[in-house]
Amino acid sequence: MHISEIWEGKGVMPVTFRILLSPLSLLYAVGWEGYLGVYKWGLKTAKHPHSPIICVGNLISGGSGKTPMTLHLVDVLRELGYDVVVSCSGYGSPKSEAATVATDGQQDARIWGDEAALFRRKRPDLPLIVGRARVEAAELCQREFPNAVLIMDDGFQHLPLKKDLTVLLDPENPKNRMCLPAGPYREPRWNRKRADLVIPGVFRIEESVSFTNPDGETVNPPATCATLLALAQPEKVIRSVEAMDCRVAERVLLPDHDPLTSGNLLDNLPTDKPTVVTGKDWVKLRNRPDVGEREFLILNHEVRVEPYAQFKDWLKSKLDGIQKANHSGPG
């Protein structure tokens with residue numbers, strides 16, 4: 001049973017699992033509040049080696065659209081005239097342990113992680129700092145890109161680094177509000193108040209979904225497909241695919257951030273219909289020697305905050321305020 005079925009399923013088994021896991025969720029929530037209290041009560045102080053830092057975060061585990069939102073924010077900031085650097089964790093990769101400025105050109109997901117590989121595929125000229133050491137990443141940004149806005153892809157729960165601005169993505173009416181492991185929440189939902197902006201709310205997200213082939217060319221949706229997804233909440237992607245009148249006949253679901261390196265992985269995929277994957281999964285699959293034996297389509301997911309003009313003005317006003325405060329100093 002995939003973890004998303006436990007979190008959202010309506011059958012006897014998912015409900016039973018949620019009931020059995022709920023005491024652990026309560027314990028998790030209490031532990032998180034204790035961790036948060038260490039910083040709230042001043043027992044530890046978050047570091048702030050660079051400014052401005054914008055965090056695109058969420059409360060749930062996977063599937064909230066942080067990466068498309070980060071890319072949209074890159075575009076908005078560039079339109080406003082800012083230089084932008086993105087910090088991502090490099091989850092599961094050798095580069096995840098510290099913080100490293102990514103080399104130019106296409107990134108190998110096996111080395112840099114699927115997030116960095118996807119960012120570079122979407123925005124080839126985007127400077128990236130990869131690694132879970134977010135304080136070190138901010139220090140590195142200050143040395144290498146002192147005048148840039150640093151965007152943290154994820155990191156709302158990374159308390160050792162102080163952010164100047166946090167944009168939080170959280171559904172208005174989630175099906176399950178429990179913390180891990182009985183639900184998807186990384187911390188209690190009432191902590192939404194820690195963010196500067198929660199979307200949806202005053203602003204909403206407009207999504208656009210399309211299919212492309214591996215060469216990046218837009219193609220029409222097939223009538224039937226299979227899916228190969230390594231996500232925390234794959235059902236959201238499947239619903240998006242089927243909303244385009246493409247029936248998902250077969251599905252292979254793997255844990256979030258699975259490296260997709262298993263030798264017999266593609267044996268589970270059909271040869272008579274295309275297999276739909278996300279961009280984050282494609283950057284891991286594309287280097288496999290056997291990938292040409294199947295037809296793949298990539299689900300291209302883009303977002304735009306609306307009303308766009310008001311969001312752009314809000315962002316500029318916030319950054320102007322941050323820069324003014326930085327120049328005025330502590331006094």
Side-chain angles (χ1 to χ4, degrees), residues 35-36 38-39 44-58 61-62 64 66-75 77-78 82-169 186-187 194-196 232 256-259 279-280 283-284 319 322-323 326:
Y35 174 54
L36 183 60
V38 169
Y39 288 88
K44 285 187 177 181
T45 303
K47 296 182 179 180
H48 194 222
H50 179 81
S51 184
I53 298 173
I54 302 177
C55 174
V56 178
N58 68 347
S61 179
S64 65
K66 293 187 303 297
T67 298
M69 180 62 193
T70 298
L71 287 166
H72 177 55
L73 200 54
V74 167
D75 296 339
L77 288 168
R78 285 178 165 178
Y82 292 97
D83 293 329
V84 186
V85 177
V86 167
S87 165
C88 56
S89 70
Y91 183 91
S93 72
K95 295 294 185 180
S96 68
E97 296 305 316
T100 308
V101 177
T103 55
D104 294 336
Q106 178 176 289
Q107 301 301 316
D108 188 335
R110 294 169 297 183
I111 299 173
W112 296 94
D114 52 19
E115 299 155 331
L118 179 59
F119 279 125
R120 191 53 64 77
R121 180 175 183 266
K122 292 277 193 176
R123 304 291 186 275
D125 62 339
L126 179 64
L128 299 171
I129 299 176
V130 181
R132 293 182 298 172
R134 296 305 183 98
V135 173
E136 188 177 335
E139 293 169 344
L140 192 55
C141 186
Q142 180 62 23
R143 291 196 302 270
E144 301 290 336
F145 311 98
N147 298 316
V149 177
L150 178 63
I151 304 179
M152 291 179 67
D153 176 44
D154 208 357
F156 186 63
Q157 287 75 35
H158 190 87
L159 303 185
L161 179 65
K162 180 182 177 181
K163 301 89 174 176
D164 295 290
L165 192 63
T166 297
V167 177
L168 188 70
L169 306 178
R186 298 174 174 181
E187 60 177 294
R194 293 199 294 118
D196 297 282
D256 196 17
H257 292 288
D258 187 279
K280 193 172 288 188
V283 295
K284 293 179 287 188
L319 287 170
I322 291 166
Q323 292 178 332
N326 289 340

Could you state the interatomic distance from [atom1] ([X]) to [atom2] ([Y]), rounded to the nearest 0.5 Å?
X	Y	atom1	atom2	answer
L71	M69	CG	CE	10.5 Å
K66	C55	NZ	SG	9.5 Å
L126	I151	CG	CD1	8.0 Å
D125	R120	CG	CZ	8.5 Å
K162	T45	NZ	OG1	10.0 Å
R134	L140	CZ	CG	13.0 Å

| request: Please assess V167 against D196 for the test side chain to side chain contact (heavy atoms under 4.5 Å, CB included), listing each intermediate value before the final yes or no. | output: CA-CA 6 Å; V167 177; D196 297 282; over 6 Å; no
Donor-acceptor under 3.5 Å ([X] side chain, [Y] main chain):
X	Y	value
K284	D258	yes
K122	G279	no
H50	A148	yes

| field | Candidate pair R78 and V84, rule side chain to side chain contact (heavy atoms under 4.5 Å, CB included), full reasoning | value | CA-CA 7 Å; R78 285 178 165 178; V84 186; 4.1 Å; yes
| said: Do V85 and E144 have side chains that approach each other closer than 4.5 Å (heavy atoms only, starting at C-beta)? | reply: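 Result no, sub-4.5 Å side-chain heavy-atom pair not found.
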| message | Are the side chains of T166 and R194 in contact, using a 4.5 Å heavy-atom criterion? | response |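 No, their side chains stay 4.5 Å or more apart.
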| query | S51: what forms a side-chain hydrogen bond (donor to acceptor under 3.5 Å, both in side chains) with it, not counting sequence neighbours? | reply | D164, N326
| note | Taken in chain and number order and not counting sequence neighbours, the residues that satisfy side-chain hydrogen bond (donor to acceptor under 3.5 Å, both in side chains) with R132 are E97
| Between D114 and H257, is a side chain to side chain contact (heavy atoms under 4.5 Å, CB included) present by the stated rule, with each step listed? | CA-CA 8 Å; D114 52 19; H257 292 288; 3.1 Å; yes
| Cut-off 3.5 Å, side chains only: do T67 and E115 have a donor facing an acceptor? | no
| request: Kindly write out the residues that satisfy salt bridge (Lys or Arg N to Asp or Glu O under 4.0 Å) with E136, not counting sequence neighbours, or none if the list is empty. | output: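 Here no residue qualifies.
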| Can I129 and C141 be said to form a side chain to side chain contact (heavy atoms under 4.5 Å, CB included), step by step? | CA-CA 8 Å; I129 299 176; C141 186; 3.8 Å; yes
Which donor-acceptor pairs under 3.5 Å do side chains of residues 99-108 form with protein atoms, sequence neighbours excluded?
{"unit_1": "Q107", "atom_1": "OE1", "unit_2": "W112", "atom_2": "NE1", "d": "2.9"}
{"unit_1": "Q107", "atom_1": "NE2", "unit_2": "T103", "atom_2": "O", "d": "2.5"}
{"unit_1": "Q107", "atom_1": "NE2", "unit_2": "G105", "atom_2": "O", "d": "2.9"}
{"unit_1": "D108", "atom_1": "OD1", "unit_2": "R110", "atom_2": "N", "d": "2.9"}
{"unit_1": "D108", "atom_1": "OD1", "unit_2": "R110", "atom_2": "NE", "d": "3.1"}
{"unit_1": "D108", "atom_1": "OD2", "unit_2": "R110", "atom_2": "NE", "d": "3.3"}
{"unit_1": "D108", "atom_1": "OD2", "unit_2": "R110", "atom_2": "NH2", "d": "2.7"}

| said: Show the nearest heavy-atom pair for residues S93 and G90, with the distance to one decimal. | reply: OG-O, 2.6 Å
| Smallest separation among heavy atoms of A109 and V283, with atom names |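 Nearest heavy atoms, A109 then V283: CB-O, 3.7 Å.
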| task | Give a yes or no on whether Y91 atom OH has more than 12 heavy-atom contacts from other residues, nucleotides or ligands under 6.0 Å away. | result | no
| By ring-ring contact (aromatic ring centres under 6.0 Å, His included) - contacts of Y35 (at least two apart) |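 ring-ring contact (aromatic ring centres under 6.0 Å, His included) list for Y35, sorted by chain: W32, Y39.
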| request: Please collect all ring-ring contact (aromatic ring centres under 6.0 Å, His included) contacts where either partner lies in residues 134-163, sequence neighbours excluded, each pair once. | output: none
| said: Just to verify, which of I322, T70, L150, L77 counts as forming a side-chain contact (heavy atoms from CB on, under 4.5 Å) with I54? | reply: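 Passing option: L77.
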